[in-house]
Amino acid sequence: MEEELKKKLFRDETTGWENLSEEESNKLNEVSDSYMEFLNKAKTEREFIKYAKELADENGYRDIMTFETLKPGDKVYFINRKKSMYLAIIGENSIESGLHIIGSHVDSPRLDLKPNPLCEEGGLAYFKTHYYGGIKKYQWTTIPLSMIGVIVKTNGEVIDINIGEDEKDPIFTITDLLPHLAQEQMEKKLKNGIDGENLSLLIGSIPFKKGDKKVPEGVKLNILKILNEKYGITEEDLTSAEIELVPAFKARTLGLDSSMVAAYGQDDKVCAYTSLHAMMELGEVKNTAICILSDKEEIGSMGNTGMESHMFDFFISEILNKLGVNKPNLLDKVFCFSKMLSSDVDAGFDPLYASVSDKTNAGFIGKGISLNKYTGSRGKSGASDANAEYVAWVRNVLEKHNIRYQVAELGKVDIGGGGTIAYIIANKGADVIDCGVPVLSMHAPYEVTSKFDIYSAYKTYKAFWEE
Ligand code: MN
Ligand code: MN
């Protein structure tokens, strides 16, 4: 009796694995297998956008700049400086009834090369780095790193760099002190254990030789010689470059039960990938569907490829212009009637660090897509707080489609906090809720997600657009 009543009245606390049909289980494995394969090909924002463009082209999407006019059913995109991208399917309904937006980010925490990176110390050559995003610095030493990015010459030539991903390539690493001599270091606070200036990448050790004569800065010279032979560049060319150091690990299935994915950059490629693929499977839609793949989220969304820039407004204005419906303030009106899922990852509950989470308001691995009504910190400072009416609307969509979801907060009150791009679109007037996959070890070189949640994210995004 009370069991029945509980079943009726309590929140469902089971994991997604418990009632999974064989058909769903197969689909889930299909999605996570292609996701892992993708992660090995796209570790940086530039690689992600290149992949997304190819996928969109294959699926009948075209650059919006090539269209004179637009009509319902048209599939368009705009690529912003090779680092962010907006895609749209024009809906059957008048655009004045609002957009259905899903927005994720394709940048991940990493180490960037400094503008003058190359130096030689004690017979070793290094590339100096400046970390990007919120990292625990000690996690980035003594792991294999790949070098991915571009060097742009003054004549405009763009040289693609990708060293460390191919099994035959060399990799790079940042050294750390041996425990035998680390007495002082070990006394330090964890956050001070590794100095930002010490995150220098070891790249070489052979000095340039000229007969028997020792050449000063010979190791550096030898490295430049190698770079010059391979890419035709000089030291100066490294100043107009964007080279990112990312873990050279491959994405792998995790666990004896193969239920999880371990990989670099799942924040937020797990939401970006699932939303992009969900969009590719859409046919005609009632409301204009928008997919945002943004850049610079990890450092505050600033700059012309970040979500704070006006580039997104420009894209929507182009749609309004090419639909032939634009008029004063229509852009504002469209945003006011829009709905958005800010598809960014959530902190997964970690039993090893249970004290930072309120167990009744935490996102659990394997319990489905996680909704964060608000983020922010302390007294919800800086939060975009989704309206109850909108939360109910989203719940209804999920329940109608039989999608497992959970509602969570990012950690205990007063413990910390965070934010996503949610507030930026909410500030324009749209209804927005954070909605993503819970992650363990977020921002670490190797992050963990549940295959069930990845699948649940994919289903959620598709259902939202089909609404
Ligand atoms: Mn994120
Ligand atoms: Mn993040």
Side-chain angles (χ1 to χ4, degrees), residues 35 39 42-45 47-49 52 83-85 101-112 131-137 139-140 244-247 261-276 291-303 305-308 340-350 356-357 362-363 365 369-377 382-384 386 408-411 415-426 432-450 453-454 457 460-461:
Y35 167 60
L39 284 174
K43 291 187 175 177
T44 68
E45 65 281 28
E47 287 182 316
F48 194 114
I49 298 304
K83 295 178 182 176
S84 68
M85 184 171 180
I101 308 168
I102 298 183
S104 60
H105 65 93
V106 295
D107 60 320
S108 301
R110 59 179 191 250
L111 307 175
D112 287 338
Y131 61 95
Y132 173 98
I135 63 162
K136 291 161 102 175
K137 283 170 273 191
Q139 293 178 335
W140 292 75
E244 305 176 8
L245 307 178
V246 294
V261 172
Y264 162 71
Q266 299 201 68
D267 175 8
D268 182 31
K269 292 182 188 76
V270 64
C271 298
Y273 175 87
T274 45
S275 57
L276 178 66
C291 179
I292 299 173
L293 305 171
S294 70
D295 180 34
K296 296 289 183 286
E297 193 277 340
E298 294 296 354
I299 57 168
S301 297
M302 300 298 179
T305 60
M307 212 52 226
E308 291 270 19
M340 180 190 186
L341 299 180
S342 165
S343 52
D344 204 343
V345 295
D346 185 24
F349 175 79
D350 188 336
V356 301
S357 300
I365 296 292
I369 191 97
S370 188
L371 304 179
N372 278 257
K373 186 176 181 297
Y374 47 83
T375 52
S377 53
S384 162
E409 278 199 62
L410 191 83
I415 279 280
T420 63
I421 62 168
Y423 76 94
I424 301 165
I425 308 297
V432 185
I433 188 164
D434 277 300
C435 173
V437 171
V439 174
L440 298 179
S441 307
M442 194 197 292
H443 286 199
Y446 221 35
E447 301 173 318
V448 175
T449 56
S450 160
D453 302 334
I454 297 166
T460 299
Y461 301 149

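Small disclaimer: the values here were computed from a predicted structure and weren't measured. Start at 1 and go down the list; that is how both ligands and their atoms are numbered.
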Going through the checks in order, is the side chain to side chain contact (heavy atoms under 4.5 Å, CB included) test met by Tyr132 and Asp107?
CA-CA 10 Å; Tyr132 173 98; Asp107 60 320; 2.5 Å; yes
Determine the minimum heavy-atom distance between Met307 and Ser294, stating which atoms define it.
SD-CB, 3.8 Å
By salt bridge (Lys or Arg N to Asp or Glu O under 4.0 Å), Asp112 pairs with (sequence neighbours left out) Arg110
Can you check whether Leu111 reaches Ile135 side chain to side chain, under 4.5 Å on heavy atoms?
yes
What do the steps show when you test Ile102 against Cys291 for side chain to side chain contact (heavy atoms under 4.5 Å, CB included), and what is the final call?
CA-CA 5 Å; Ile102 298 183; Cys291 179; 5.6 Å; no
Spatial distance of atom NZ (Lys269) from atom OH (Tyr264) [nearest 0.5 Å]
5.0 Å
Please list, in chain and residue-number order, the protein N/O/S atoms closer than 2.8 Å to the Mn ion (ligand 2).
Asp267 OD2, Glu298 OE1, Glu298 OE2, His443 NE2
